[in-house]
> 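What follows is a structure written as structure tokens; I'll ask about it next.
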Amino acid sequence: MLDLRQLRAEPDTVKAAVARRGEPTAPLDQVMVHDERRRAVVSEADDLRSEVKRISAEVGALHRDGRAGEADELRARSRELGARIDELDAEGEQLSEWIRRILLFVPNMPAEDCPGGSGPDDNVVVRTVGHDPSSFGEHQRVPHWDIGDELGILDIDRAVRMSGAMFAMYRGLGARLVRGLIDYGLDRNRDLYEEIRPPTLVRTETMTSTGHLPKFADDAYQLERDGLWAIPTAEVPLTSLLSGEIVEEADLPMRLMGHTSCFRREAGSAGRDTRGLLRVHEFDKVELYGFCTPEQAHDLHDEILDRAEAAIVDLGLAYRVLDLCTADLGAASARTFDIEVYAPGADRWLEVSSISWCRDYQARRANVRYRPAAGGRTQMVHSLNGSGLAVPRVWAALVETYRRPDGSIEVPEALHPYMGGITSIGPR
RNA sequence: GGAGGGAUGGCAGAGCGGACGAUUGCGACGGUCUUGAAAACCGUUGGGCCUUCAAGGGUCCCGGGGGUUCGAAUCCCCCUCCCUCCGCCA
């Protein structure tokens with residue numbers, strides 16, 4: 001959520017930033033109108049309340065002096081004021097609600113250095129690392145769904161029978177590889193990041209804090225009977241880890257990581273990327289997460305990107321890093337870098353990580369603040385997140401990249417410790 | 001799912017219609033004393049909103065919401081959460 005105070009203080013800056021995304025700014029004008037009225041209403045109500053308190057004190061004094069009979073007029077006056085206060089309060093609440101409802105739908109302001117653009121084509125390729133897409137051999141040009149069948153390590157057909165399209169099931173060493181990748185993703189960040197294993201079903205408020213609700217409800221699985229939602233990423237529960245809390249500046253930056261299942265309805269994607277593991281409704285992911293001060297945010301953003309990237313480098317996959325343009329940015333993000341790995345068999349770049357700096361947008365929704373060491377008002381923290389390792393697409397790029405001419409798969413060295421010493425996956 | 005008991009400041013724990021944003025203890029922070037420390041003593045020690053250059057002022061918050069009243073932490077109703085017992089259960 002945007003900062004109402006900032007909007008009030010520098011409306012042109014805020015509106016220009018939102019406009020850079022191609023978002024309408026009329027809602028912000030509406031917010032400012034409501035805000036001005038609200039302040040007038042609150043101010044008047046407070047003054048009247050002050051008067052009521054004074055009268056009540058007088059009435060109390062008369063009672064103590066045994067002159068209760070003289071209080072009738074005061075009582076009547078106070079009752080009148082009370083009625084007026086009720087009206088003002090009701091109006092104030094209505095205005096607050098309107099403001100909140102509008103603001104919940106307005107996306108974050110892009111960072112100043114976030115590249116402008118009107119669609120995915122305007123994303124900036126920061127660097128491409130690893131092999132050239134043309135450098136892969138014929139034996140690597142087999143898509144992972146075929147490899148999965150061949151080796152019996154991926155069983156899409158039966159997963160679909162159980163759960164429907166875009167669900168996957170791993171078998172044998174394929175399943176082992178999933179587990180290995182998760183541990184690999186966690187262990188390499190254990191030095192600085194506290195491992196969290198959060199719930200995967202969360203309340204509506206929790207989903208609202210990250211910006212996934214109310215606007216993107218169609219993308220999420222909902223358990224209506226219980227008022228719960230299945231998380232699309234560990235970012236959701238991790239953002240709420242400190243909701244409503246005030247931390248000391250000394251506790252920042254706070255680095256967290258979480259492995260969870262992630263659930264996505266992919267409402268707008270029906271029929272696209274349906275083959276194999278390109279896009280699935282349920283998958284495993286290790287998420288890196290950080291709360292920090294505004295001053296620490298840039299460094300922490302770089303750090304999470306470095307770590308997400310290093311995980312791909314050490315697996316020996318070809319990849320590229322994208323600086324997302326204003327049009328492709330997630331609603332909560334001010335700046336996002338994507339990592340895409342190249343899958344030679346599917347001949348596709350697959351997004352495996354999105355490293356976002358959300359400024360105080362999510363913190364304001366979740367109400368996570370810190371007390372500055374130097375004193376002064378509490379401030380909203382900044383939040384950052386990025387996939388440390390998204391299993392299915394890495395799995396896919398991996399088996400395609402490491403397929404040998406004989407059809408078996410070489411397990412990259414970095415994963416040997418996580419595969420119980422198994423170095424090759426052959427037919428069963 | 002059934003029955004009972006709870007929810008107050010960083011923690012513990014008073015208050016049960018009027019001068020209570022809240023006694024007190026602990027903790028934390030600052031000071032006095034001390035070669036230093038401890039002890040003792042003194043002081044400080046929540047958040048939101050409005051207003052303000054600032055200082056200050058106003059107002060709200062005793063789990064959440066509603067009600068009664070001139071006035072609610074205190075009385076009434078609803079909800080949520082926690083604890084104990086029973087049932088069920090990985």
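In what follows, chains are A, B, ... by sequence order, proteins preceding strands, each numbered from 1.
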> Could you tell me whether A/Arg369 contacts a base, only the sugar-phosphate backbone, or nothing, with contacts defined as non-hydrogen atoms closer than 4.0 Å?
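Sugar-phosphate: the residue A/Arg369, judged by heavy atoms under 4.0 Å, touches backbone atoms but no base.
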
> What is the distance, to the nearest angstrom, from the CD atom on A/Glu91 to the P atom on B/C50?
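Between P of B/C50 and CD of A/Glu91: 16 Å.
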
> In which ranges does RNA chain B form stems of 3 or more consecutive Watson-Crick or G-U pairs, distances under 3.5 Å?
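Listed by first number, the stems are B:1-7 with B:80-86, B:10-12 with B:24-26, B:27-32 with B:40-45, B:46-51 with B:56-61, B:63-67 with B:75-79.
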
> Can you measure A/Ile85 atom CD1 to B/A72 atom C1' for me and round it to whole angstrom units?
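Taking CD1 of A/Ile85 and C1' of B/A72, I get 15 Å after rounding.
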
> Base, sugar-phosphate, or nothing for A/Arg54, non-hydrogen atoms under 4.0 angstrom?
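Nothing, no nucleic acid heavy atom in range.
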
> Please check if the side chain of A/Trp98 supplies one atom and the backbone of A/Val31 the other of a donor-acceptor pair under 3.5 Å.
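Side chain of A/Trp98 to backbone of A/Val31: no pair is present.
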
> Decide yes or no for A/Asp3 and A/Tyr361: does some side-chain heavy atom of the first lie under 4.5 Å from some side-chain heavy atom of the second?
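Result no, sub-4.5 Å side-chain heavy-atom pair not found.
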
> Do any N or O atoms from the side chain of A/Tyr193 and from the backbone of A/Gly290 form a donor-acceptor pair under 3.5 angstrom?
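Answer holds: no.
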
> Just to confirm, is there a sub-4.0 Å distance from OP1 or OP2 of B/C49 to any side-chain nitrogen or oxygen of A/Arg39?
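So the side chain of A/Arg39 is outside the cut-off, no N or O lying under 4.0 Å from OP1 or OP2 of B/C49.
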
> Any side-chain N or O of A/Arg38 below 4.0 angstrom from OP1/OP2 of B/C49?
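Result: no.
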
> Would you say A/Arg49 reaches B/U59's phosphate, i.e. side-chain N/O to OP1/OP2 under 4.0 Å?
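Negative; the distance criterion is not met.
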
> With a non-hydrogen cut-off below 4.0 angstrom, is A/Arg364 in contact with a base, only sugar-phosphate, or nothing?
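No contact.
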
> Can you find a pair of side-chain heavy atoms, one from A/Ser43 and one from A/Arg38, that are under 4.5 Å apart?
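Contact flag for A/Ser43/A/Arg38 side chains = no.
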
> Counting only side-chain nitrogens and oxygens, does A/Arg5 get under 4.0 Å of the OP1 or OP2 atom of B/C49?
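Checking B/C49 against A/Arg5, a side-chain N or O does come within under 4.0 Å of OP1 or OP2.
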
> Suppose you measure atom P in B/G10 against the same atom in B/U45; what distance do you get, rounded to whole Å?
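Looking at atom P only, B/G10 and B/U45 are 14 Å apart.
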
> Salt bridge check: are A/Glu287 and A/Lys285 linked by an N-O gap of less than 4.0 Å?
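The answer is yes: the pair qualifies as a salt bridge.
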
> From CG of A/Asp86 over to C1' of B/U69, roughly how many Å is that when rounded to an integer?
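Answer to the nearest Å: 13 Å.
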
> Hey, does the side chain of A/Thr378 come within less than 4.0 Å of B/G48's phosphate (OP1/OP2), counting only N and O?
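Looking at the OP1 and OP2 atoms of B/G48, one of them is under 4.0 Å from a side-chain N or O of A/Thr378.
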
> Scan A/Ser56 against the nucleic acid and name what it touches under 4.0 Å (heavy atoms): base, sugar-phosphate only, or nothing.
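The residue A/Ser56 makes base contact.
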
> A/Lys53 NZ to B/G18 P: how many Å, rounded?
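After rounding, the gap between these two atoms is 16 Å.
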
